[in-house]
Amino acid sequence: RNKTDKNLPNSVTLQGVIRVQAPSLSKVSMAIQLTEELKAGDILARFQQCLSQSRITESPHKEEVCLYEIGGNIGERCLDDDTYMKDLYQLNPDAEWVIKPRCQ
């Protein structure tokens with residue numbers, strides 16, 4: 001018998017899918033399917049859309065938050081909105097992806 005996804009550890013994600021966390025926002029995490037065209041700014045827009053649908057008015061504006069690449073082969077960095085996520089994921093598959101306030 002083949003193992004099903006239920007038998008995989010929680011840290012294992014489906015190929016081509018990343019889990020983006022947003023602990024400072026009300027939505028804790030979201031699974032994002034990577035495509036060739038997906039950019040960091042697109043992920044931020046999805047989170048903002050979910051927040052606006054939830055009618056959360058105190059959420060930070062898009063320009064006040066950033067998608068961070070954390071760990072893997074890098075310490076931590078704020079990604080430019082034009083960063084192609086699939087390309088970056090292939091370079092650093094062990095990174096965590098976190099939306100948090102932009103460093104001043």
Side-chain angles (χ1 to χ4, degrees):
R1 267 190 180 183
N2 291 338
K3 290 185 177 182
T4 64
D5 289 339
K6 293 177 185 176
N7 294 334
L8 294 174
N10 288 338
S11 60
V12 175
T13 58
L14 299 173
Q15 187 169 0
V17 176
I18 60 171
R19 180 147 309 273
V20 178
Q21 303 171 44
S24 63
L25 305 175
S26 69
K27 186 161 185 66
V28 176
S29 68
M30 178 186 289
I32 303 288
Q33 176 69 50
L34 295 175
T35 64
E36 297 293 332
E37 302 83 26
L38 183 72
K39 296 180 183 180
D42 300 330
I43 294 174
L44 291 172
R46 287 186 196 180
F47 269 87
Q48 291 297 324
Q49 183 178 20
C50 287
L51 290 172
S52 66
Q53 289 174 352
S54 301
R55 295 191 178 121
I56 297 170
T57 57
E58 297 177 17
S59 65
H61 296 289
K62 181 175 183 263
E63 52 277 351
E64 295 175 2
V65 296
C66 184
L67 176 59
Y68 284 82
E69 172 189 14
I70 301 173
N73 58 16
I74 192 161
E76 175 179 307
R77 68 175 167 179
C78 176
L79 300 178
D80 186 81
D81 283 352
D82 292 328
T83 302
Y84 285 96
M85 293 304 298
K86 188 170 186 178
D87 292 341
L88 182 58
Y89 173 77
Q90 290 171 345
L91 292 173
N92 193 2
D94 296 324
E96 291 184 28
W97 312 98
V98 179
I99 294 174
K100 60 183 187 174
R102 189 179 298 272
C103 294
Q104 298 290 324

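Because the structure is predicted, anything quoted here is derived from the model rather than measured.
The side-chain heavy atoms of E76 and V98, taken from C-beta on, include no pair separated by under 4.5 Å. Within the 4.5 Å cutoff, the side chain of L79 has no heavy atoms near those of the I43 side chain.
Here the closest heavy-atom approach between residue Q33 and residue G16 is recorded as NE2-O, 3.1 Å. The two residues M85 and A40 make their nearest non-hydrogen contact at CG-N, 3.7 Å. Nearest approach of I99 to P23, heavy atoms of both residues: O-CD, 4.0 Å. Shortest non-hydrogen contact noted between S29 and F47 is C-CZ, 4.5 Å. In terms of heavy-atom proximity, R102 sits nearest to V65 at NH2-O, 3.3 Å.
Every residue two or more places apart in sequence or in another chain was checked for a salt bridge (charged side-chain N to carboxylate O under 4.0 Å, His left out) with E37, and none qualifies. The side chain to side chain donor-acceptor pair (under 3.5 Å) search around R77 returns E69, not counting sequence neighbours. Taking the side chain to side chain contact (heavy atoms under 4.5 Å, CB included) definition, one finds that D82 meets it with K39, D80, sequence neighbours left out.
Taking CG of D81 as the reference point, atom CG of L44 lies at 5.5 Å (rounded to 0.5 Å). Interatomic distance, L67 CG to Q21 CD, rounded to the nearest 0.5 Å: 11.0 Å. Remark: Y84 OH to D42 CG distance equals 9.5 Å, nearest 0.5 Å. Taking CD1 from I70 and NZ from K100, the interatomic distance works out to 4.5 Å, rounded to the nearest 0.5 Å. Between I74 atom CD1 and D94 atom CG the span is 13.5 Å, to the nearest 0.5 Å. Rounding to the nearest 0.5 Å places CG of L88 at 4.0 Å from CH2 of W97.
With hydrogens and angles disregarded, a donor-acceptor distance shorter than 3.5 Å links the side chain of Y68 to the backbone of P101.
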